[in-house]
Amino acid sequence: MKTARRRAREFAVQGIYEWELNPDRPASLIEKHLRENEYFAKADEALFRSILYGVLKDVELLSVQVGRYYERAEDEVSPVERAVLLMAALELTQSPETPYPVIINEAIEITKTFGGTDGHKFVNGVLDKLAAEVRGDEVLAQKQRRKQD
């Protein structure tokens, strides 16, 4: 059973992907298209809209943030992986109330659903590095808790 937040992230990734393939298409038209899906009503609409519109508004900055950690040429990153990375980068940088492991796990699971065979490994590696940069204190605290357990 998918949560409303997972569905919102999945629809946001689909919208970001659609925009990547058609950058002249307005976000409102992408949103309208996604709303036609019968499962959209089960998604967290506020989260969906904040991710979709937030990524499209800040795509250049988010692209630079994740692009620093690519271990391959940018043109070798699939549009699905890129959409997931942009979604997760937005949440890591602008949603401090969501724990970073949740964001990374959601990104991995969505990549497993929509991406290539090993795309989730690439996404995990990039997001681990980005999380250490933008949420360093939270990452260190998590590591310390793991050592204590």
Side-chain angles (χ1 to χ4, degrees), residues 1-23 25 27 30-31 33-34 37 39-40 42-149:
M1 179 90 172
K2 291 182 185 178
T3 67
R5 293 179 67 79
R6 166 73 62 85
R7 287 184 193 278
R9 289 180 177 103
E10 287 180 346
F11 280 113
V13 164
Q14 291 174 52
I16 296 162
Y17 175 86
E18 184 176 337
W19 178 82
E20 286 184 290
L21 299 180
N22 303 288
R25 184 168 290 165
I30 293 170
E31 179 180 356
H33 170 248
L34 292 170
N37 185 300
Y39 295 106
F40 189 88
K42 296 181 179 183
D44 179 329
E45 184 177 344
L47 180 61
F48 162 77
R49 295 188 93 241
S50 72
I51 293 171
L52 178 64
Y53 288 90
V55 166
L56 299 187
K57 179 176 79 69
D58 293 333
V59 69
E60 288 90 17
L61 173 64
L62 296 168
S63 295
V64 168
Q65 287 178 313
V66 295
R68 287 193 293 249
Y69 301 112
Y70 290 173
E71 294 178 357
R72 58 174 95 155
E74 188 168 347
D75 63 349
E76 293 178 14
V77 177
S78 80
V80 170
E81 292 166 351
R82 181 171 154 75
V84 171
L85 288 167
L86 292 171
M87 173 206 63
L90 180 85
E91 284 198 89
L92 284 169
T93 58
Q94 298 182 22
S95 298
E97 68 282 0
T98 306
Y100 86 92
V102 170
I103 296 167
I104 293 175
N105 184 60
E106 290 281 276
I108 290 167
E109 294 304 317
I110 291 169
T111 305
K112 286 179 181 178
T113 299
F114 297 116
T117 304
D118 287 332
H120 67 282
K121 294 176 184 176
F122 172 72
V123 166
N124 186 34
V126 170
L127 294 178
D128 279 345
K129 293 171 187 166
L130 180 61
E133 174 194 338
V134 300
R135 296 216 188 165
D137 292 342
E138 187 181 350
V139 171
L140 284 174
Q142 179 78 13
K143 287 180 181 178
Q144 289 174 345
R145 280 193 296 275
R146 286 183 187 152
K147 283 182 182 179
Q148 292 172 353
D149 290 343

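All residue numbers in this chain count up from 1 along the given sequence. Quick note: numbers below take in every heavy atom, side chains included, and nothing from hydrogens, waters or symmetry partners.
- Under the 3.5 Å distance criterion, the side-chain polar atoms of R5 are left unmatched by any main-chain donor or acceptor of L47.
- Here the straight-line distance linking atom CG of N124 with atom CD1 of I108 works out to 3.5 Å at 0.5 Å rounding.
- In this structure, the side chains of F48 and L34 come closer than 4.5 Å at one or more pairs of heavy atoms.
- If you take NZ on K42 and CZ on F11, they are separated by 10.5 Å, rounding to the nearest 0.5 Å.
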Let's go through Y70 and E76 carefully: what are the C-alpha distance in whole Å and the side-chain angles of both, what is the deciding distance for side-chain hydrogen bond (donor to acceptor under 3.5 Å, both in side chains) to 0.1 Å, and is it a yes or a no?
CA-CA 10 Å; Y70 290 173; E76 293 178 14; over 6 Å; no
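- Contact record, I51 with A12: CG2-CB, 3.5 Å, taken as the closest heavy-atom pair.
- A salt bridge is absent between E109 and R9: the closest approach of a Lys/Arg side-chain nitrogen to an acidic carboxylate oxygen does not fall below 4.0 angstrom.
- For R68 and E133, the salt-bridge test passes: some basic side-chain N is under 4.0 Å from an acidic carboxylate O.
- Listed here is the closest heavy atom pair of A43 and A8: CB-N, 3.8 Å.
- Considering Q14, R25, E18 in turn, E18 is the only one that fulfils the side-chain hydrogen bond (donor to acceptor under 3.5 Å, both in side chains) rule with H33.
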Worked check of salt bridge (charged side-chain N to carboxylate O under 4.0 Å, His left out) between R72 and E81
CA-CA 12 Å; R72 58 174 95 155; E81 292 166 351; 3.1 Å; yes
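- Around atom NZ of K112, more than 12 heavy atoms belonging to other residues, nucleotides or ligands sit under 6.0 Å away.
- Checked against the 6.0 Å centroid threshold, F114 and Y17 do not count as a close aromatic pair.
- With contacts defined as side-chain heavy-atom distances shorter than 4.5 Å, the pair E91/L127 does not qualify.
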